[in-house]
Amino acid sequence: MVRQDDGWTGRWVADKILEHEEVIGAELVDNRMVRVTRKKYPDVVIATTAVELFDVETLRNVVTDLSAVDFVVNVTSDHYITGEAIKLASVYHTPIGGMGDLFRALREPDVSSYVNPEIRFIERALRQHNRVTGFERLWDRKYRIDRFRLPSVDVVFLNDYELTADHIRKAWDRYGPFSMVVKTNPNGEATTIAQQVADELGCKIYDKWRDFLGALNRK
Amino acid sequence: MSRVHQISGCRNPNRKADVVFVHGLGGDPYKTWRFGKGEDTSWPHWLGQEFPDVGVWSLEYAANPTKWARFLRWLPGQRNAGYAMSLTDRAVEVLNQLVANGLGQRPLMFICHSLGGLVIKQVLRAAFDSANQSEKQAVFNNTRAVVFLATPHQGATLATFLQHIPVTFPTVALKDLSADNPYLRDLHNWYRNHAEQAGIQTRSFFEMRRMGGVLIVEERSAHPGVGPDPVPLDEDHISISKPRERDALVCITVNDLIRKYLLKPTHSTVTGRTARATDAPSAEAVEYPTRNAVRQRILPLLRQNKFIFDTYGPHNDYRYNPESETAIIWRKKVLEQILPNNRKILAILDANKHLLTAGEIIILEKFRQHVDDLERRHLRGDSSGGGITFPQEMETILEEIDHGEAG
């Protein structure tokens, strides 16, 4: 597993980010830090890395002073993040995300207040659910949801167009056991083999959001 | 043995639509639907009076929960006593009965009680899968609406409970109703995926009153996965199919569906909805004199598909919103525009294959597989996964205007 990049990511991000319609300049502060000048909004400082597992140690390796950074981008496309790293970064109002997140965040006046649209949707729906009394983000895609007069449930949210057996197994490996897996992508569906693997692992797939909200009311 | 009983308007060759009532476990084609003894207490008869231009039918089939009553089969009118067939076998038999009675040639609606809903979902599946049997496929293609009354789409807890009482000798019909039966789950997914795409209006109701302390079909199981959320009724599992007034909610709902979706012509009644996407566009299979002429013919179709994909395709940011309505628009546009365009492009290129280079023929075959994968997902509801994406080379196929390249 890649634990840390060799410092190439700053240059790579600086080059890539020039394709963004709001960006007029990008200069390297050091191997992993990029200062970005935008057309309409203030300059921002981006910390960069390329790891599969992003944890607190990664965060400390990348940034010495989180308060001086507006965004931490992990350019490894299929990465996952521990809840502790997310919590630590949120204390300093510094979002962590992939290149897609960075591109969306750069369109906002205040980059440090950026929230991934899928996460924003999930957390809003959980806050509005009558049965849900609280929730904790254990990993980037795994939540523990506390419910009124019902046991808490561990839920993994996946956004794949086609939810396959491999996606289920990979999530199980990365995040540990969970009892529900919810497909948040409104297109596509879970494959038949994914359903079989979920049965085997003892979890249930919800590929319709409405079905998941209903399931939160039941044991 | 199943049989379709004629209630009203069935012999009228000019009738505009057909409605079929389908009873449930241990039900009866007449008694299931009436609260008293006379026709004036019978919902199917009320419907016949309300819509004289509609054929109203009631299906009868053997669906006994237990085998113990088999000794009654010697009594007059009790031939089905104690008997039942599995859901899949029953569906094949019912489908043949429907076709034999000319059902499927006009807009069609099913009103199903309990197990009857599962039978009809399986009938629709069998009709959909009836390749090259147009009369059977027409049953699926012309179904405009299905109403479920306390249908246990995911199995019923009472059926599971009864199976564990040895003296009741459960029949295969009761076993089919076990809660969380994997086959029911598969059928649930199939209907959910196909009903919406085929434009079948789905409505569902569930009971609020217990029978003997047991709620036979719970709200969760009564949800067919499509259509509005199931509506609770202050009835038990038996009385839910016997409305007492003509303006009861179930009656109003059914009347409204008939007016909106059966009596208003939408599209061809024989070829049906799925045919729009898969019509073999024989008119497009024209030979053109030059490569450029072929390209000019397919270019508008490719451009239209690209615009739809870029605007509504699943890669757009709405993918992060599981409640996005753009996903519904995308699926409709795939069915109504992208798939028919793909068929036209294939027909044009096949008719002009002699103008393609060897490399372009490979691109055409990639595109053909892409089209097949797309239809497998969107028309046939196959969720086995895989499939190839649109080959980008299609955008430049036949681009060079050079007759010497053909081969």
Side-chain angles (χ1 to χ4, degrees), chain A residues 97-98 100-101 103-105 107 115-126 128 141 157-168 181-200 204-219, chain B residues 153-154 157 179-183 185-186 188-190 192-194 196-197 218-230 309 312-334 373-374 376-378 380-389:
Chain A
D101 289 304
F103 267 58
R104 276 190 291 272
R107 291 187 193 106
V115 180
N116 174 284
E118 183 190 354
I119 297 302
R120 183 188 296 134
F121 180 91
I122 292 167
E123 296 192 351
R124 185 184 65 184
L126 292 177
Q128 291 175 351
R141 297 198 155 274
F157 297 92
L158 299 177
N159 190 250
D160 302 279
Y161 174 82
E162 188 174 69
L163 195 58
T164 64
D166 187 53
H167 292 132
I168 304 287
V181 54
V182 181
K183 184 176 171 306
T184 54
N185 191 322
N187 283 303
E189 56 197 2
T191 66
T192 311
I193 299 176
Q195 299 278 6
Q196 290 164 1
V197 167
D199 284 350
E200 186 188 304
K204 192 161 168 58
I205 296 177
Y206 294 91
D207 62 359
K208 293 275 186 282
W209 183 256
R210 187 173 60 181
D211 292 348
F212 162 65
L213 294 182
L216 285 177
N217 289 315
R218 298 186 294 271
K219 264 189 182 175
Chain B
H153 297 280
Q154 307 198 31
T157 43
D180 292 323
N181 175 331
Y183 184 76
R185 195 166 60 196
D186 184 51
H188 175 78
N189 290 337
W190 182 89
R192 187 182 64 180
N193 292 330
H194 287 73
E196 195 173 25
Q197 288 182 354
E218 296 168 342
E219 179 183 359
R220 177 177 72 99
S221 191
H223 203 312
V226 285
D229 284 341
F309 179 77
Y312 305 99
H315 61 288
N316 283 292
D317 264 6
Y318 76 84
R319 70 184 185 274
Y320 299 118
N321 176 357
E323 290 173 346
S324 169
E325 291 176 19
T326 311
I328 298 167
I329 297 172
W330 162 244
R331 287 195 287 272
K332 279 187 180 165
K333 288 191 185 286
V334 168
D373 290 336
L374 206 60
R376 182 165 57 85
R377 175 187 297 279
H378 287 275
R380 305 198 283 276
D382 182 343
S383 55
S384 54
I388 58 171
T389 54

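Quick note: numbers below take in every heavy atom, side chains included, and nothing from hydrogens, waters or symmetry partners. Throughout, protein chains are lettered first and strands after them, A, B, ... in sequence-line order, and every chain is numbered starting at 1.
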Residue selection (most heavy-atom pairs with chain B, distance under 4.5 Å) from [options]:
| options | answer |
| --- | --- |
| A/Lys183, A/Gln195, A/Arg120, A/Arg104 | A/Arg104 |
| A/Asp207, A/Leu163, A/Asn116 | A/Asp207 |
| A/Ile122, A/Asn217, A/Asp211, A/Asp199 | A/Asp199 |

Part of B/His315 lying under 4.5 Å from any heavy atom of chain A: neither
Atom group of B/Asp317 that falls short of 4.5 Å from chain A, counting heavy atoms: side chain
Over all atoms of both residues, closest heavy-atom pair of A/Glu162 and B/Arg377: OE2-NH2, 2.5 Å
B/Asn321 versus A/Pro186, closest heavy-atom pair with distance: O-CG, 3.4 Å
Gap between atom [atom2] of [Y] and atom [atom1] of [X] - 0.5 Å precision:
| X | Y | atom1 | atom2 | value |
| --- | --- | --- | --- | --- |
| B/Asp229 | A/Arg210 | CG | CZ | 5.0 Å |
| A/Thr192 | B/Asn189 | OG1 | CG | 8.0 Å |
| B/His223 | A/Lys208 | NE2 | NZ | 11.0 Å |

Contact class of A/Asn159 relative to chain B, heavy atoms under 4.5 angstrom: side chain
B/Glu323 side chain near A/Phe121 side chain, heavy-atom distance below 4.5 Å: yes
